[in-house]
Amino acid sequence: MITINSISKRYKKGNVLAVRNVSFEINDNEIFALLGPNGAGKTTTLRMLSTLLTPTSGTIQYDGLPTVGNEIAIKKKLGFLTNEIRLDGQFSPNQSADFYGRLYGMSVEEIQRNKKHLFDYFHINEYADRKYETFSTGMKQKTSIAICLIHDPEIIIFDEPTNGLDVITQRLIEDYIFILKQKGKTIILSTHLLDVVERLADRVGVIIDGKSVFCGNCKEMMDSENVKNMNDAFLSIYTRNHEELPSTNPRNFFKKANN
Amino acid sequence: MQISLYVFSHEIRKVIQDKKILVSIILLPILIIFITSFLSTSISASPKGCIYALNNTLEKKETTKYSIIPVNQKTIEEFSETTALYPEDVVIHIQHDKTDIYYNSLNSSSAENSLIAKDLLIDCYPSTTASIQEKEISQKITINDINPESNSSGKFMAIMLPYMLILLLFQSTSDFAIDTIAGEKENGVFSTIILTPHKPNKIILGKLIACIVYGIITTASYFIIVYCVSLITGSDSFNIKAIDLNISNILFFTFGSVLLSFLFASLAVLCALYSKSPKEARSLRLPVYAATLILALPAFIISESVPSIYYLIPIYNISCVMKNMLSGGADVMKTLLTLLSLAVCSALAFTFSMISLKNEEVRC
């Protein structure tokens with residue numbers, strides 16, 4: 001279980017408080033979706049979960065093990081993929097898989113086994129020896145996912161994994177996320193595609209303006225807002241919790257447009 | 001250490017796979033040949049560097065064996081025609097603390113005659129100063145080559161080689177460090193590597209070793225290619241024979257290059273760590289680049305010896321020591337001081353890079 005206990009993050013640069021007292025609990029073998037508008041603090045939260053960032057206050061614990069001071073032990077369990085994370089353009093998927101597999105302390109046999117499984121699933125074999133820099137967006141993303149999963153991590157963090165991808169690749173990745181859950185993995189997923197969330201996520205956490213404003217399953221989220229789909233539920237939560245000027249509130253904008 | 005070495009080998013493989021880098025390693029030396037050919041021609045044409053004076057009292061006389069010419073009145077062209085020069089009357093000039101014999105290396109008989117002249121002087125010395133030993137006499141006599149080409153080329157090489165070495169090392173190590181750290185930060189590769197279960201220090205150490213090795217290999221290859229091309233084309237712009245290059249000098253150059261690369265790589269790693277892109281890192285590197293150019297420059301201009309304390313200034317010190325070594329006049333104390341100063345500065349820059357990795361804004 002991952003326990004996020006009242007974490008805050010203030011960036012020294014610009015003195016920005018990106019995350020404020022966020023608390024969640026993520027159970028083992030569940031898909032937990034983290035929702036929020038752009039700039040809400042989702043990526044910062046995920047980066048703190050991945051140990052790339054240290055919370056300014058609060059704690060994150062993996063099965064009771066705090067992230068601070070145990071980064072290496074936690075990194076062994078983790079697979080983290082964001083849009084910002086890429087592979088070296090000079091290398092082919094084969095070379096990258098070997099390199100990262102070795103860095104994760106895997107044997108050659110383990111690397112070959114996992115590589116075969118992932119490359120087969122994501123259809124990477126046909127370009128496994130081509131340089132990464134020559135790939136299309138979809139090919140890059142599929143390769144990045146395969147490399148991120150090469151060490152068969154227990155916990156996988158996906159930050160907008162299907163951003164900018166075509167429907168076919170999106171579905172391929174979504175299906176794999178479900179396969180991972182069936183394999184007993186814990187998945188933390190951040191996405192703006194709420195239909196994907198509704199289809200995949202066991203539970204949902206909503207962050208708005210750096211604060212956690214909701215945690216529960218999709219049905220609870222829709223029921224709490226008395227709406228029938230996730231998009232409306234999210235918009236309703238957002239409108240209620242957003243602190244900025246009324247003119248920037250999308251619901252007010254629509255009201256104004258209708259009038 | 002195993003992880004550092006693995007990251008190092010990965011970085012080197014990256015270079016080998018990059019055809020652009022390999023091409024630049026070949027093209028740059030050829031460009032250097034053109035530049036050095038131009039500069040060396042300019043220096044050779046100047047008579048300033050070729051003024052020789054022996055003794056004002058000498059007069060031109062023809063003897064049965066040697067032609068003796070008053071050196072201070074002769075031009076370079078006339079020197080070239082002279083077979084051998086030595087004091088007309090050995091007995092008169094034997095009182096001097098030091099006697100110079102001049103010969104022209106372009107003329108083989110001149111070189112032979114200079115040795116005969118030296119023997120003659122050795123024979124004459126005891127007759128005037130009874131107590132003097134043969135070894136001491138030999139030390140008093142210096143044989144000089146008056147060939148203006150080899151002399152100016154040697155001077156040119158003694159000045160240019162350290163300067164070129166410093167700049168090439170700086171450029172190659174810092175470019176590599178910036179590309180491999182700031183470049184990877186920009187395209188997201190750095191985060192992927194940092195997420196592996198290892199201390200960031202080990203990963204950075206691997207990259208730093210790669211920077212040092214890359215810097216030394218590219219710099220050495222530049223010189224080797226330039227030298228080979230000079231040999232093939234017959235260009236004297238890289239006349240390595242004209243400089244005093246012995247085993248101890250080569251060892252110092254190798255060790256000094258390692259220390260310099262270490263210093264430059266550590267400084268560049270520091271710039272790259274505090275940047276989010278190669279462009280930003282290059283801006284941060286600019287003051288370091290300017291400082292390197294400025295510090296290496298005085299050795300290029302100032303020829304007289306400077307106090308030992310100045311040899312604590314990094315880059316300036318190694319530039320001076322290398323120049324002195326190639327000119328045949330290196331001081332052991334100053335050399336040691338230089339190595340110590342460079343080692344301390346490199347270690348400080350490296351430590352600071354490693355400490356700065358604790359800062360998460362540097363890591364991400």
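Residue numbering restarts at 1 for every chain, and letters A, B, ... go by the order of the sequence lines. Heavy atoms only: backbone and side chains are in, while hydrogens, waters and symmetry mates are out.
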- Task: Could you tell me which portion of E71(A) (side chain, backbone, both or neither) has an atom closer than 4.5 angstrom to a non-hydrogen atom of chain B?
- Result: neither

- Task: Hey, could you give me the OG1/NZ distance between T196(B) and K76(A), rounded to the nearest 0.5 Å?
- Result: 11.0 Å

- Item | Beyond-backbone contact of L103(A) with V7(B), side-chain heavy atoms, under 4.5 angstrom | yes

- Query: Mind checking whether H151(A) and P197(B) have side chains closer than 4.5 Å, heavy atoms only?
  - Reply: no

- Item | chain B contact via K131(A) - which portion, at a heavy-atom distance below 4.5 Å | side chain

- Query: L78(A) versus L195(B): any side-chain heavy-atom pair under 4.5 Å?
  - Reply: no

- To the nearest 0.5 Å, what is the distance between CZ (R102(A)) and CD (Q2(B))? 7.0 Å

Report all side-chain donor-acceptor pairs from residues 60-67 of chain A shorter than 3.5 Å, counting only partners two or more places apart or in another chain.
unit_1, atom_1, unit_2, atom_2, d
Y62(A), OH, L49(A), O, 2.4
D63(A), OD1, M1(A), N, 2.4

- About how many Å separate CG of L87(A) and OG1 of T192(B), when rounded to the nearest 0.5 Å? 6.0 Å

- Which region of E184(B), side chain (C-beta onward) or backbone (N, CA, C, O), has a non-hydrogen atom less than 4.5 Å from a non-hydrogen atom of chain A, or is it both or neither? side chain

- Task: For the residue pair K75(A) and H198(B), establish whether any side-chain heavy-atom pair is separated by less than 4.5 Å.
- Result: no

- Under 3.5 Å donor-acceptor, K199(B) side chain and I72(A) backbone: no

- Only counting residues at least two apart or in another chain, list the ones meeting ring-ring contact (aromatic ring centres under 6.0 Å, His included) with F262(B). F350(B)

- Task: Please round to the nearest 0.5 Å and tell me the distance separating atom CG of L52(A) and atom CZ of F190(B).
- Result: 10.0 Å

- Any side-chain heavy atom of Y100(A) sitting closer than 4.5 Å to one from I193(B)? yes

- Look up atom NE2 in H10(B) and atom CZ in F91(A), then write down how far apart they are to the nearest 0.5 Å. 4.0 Å

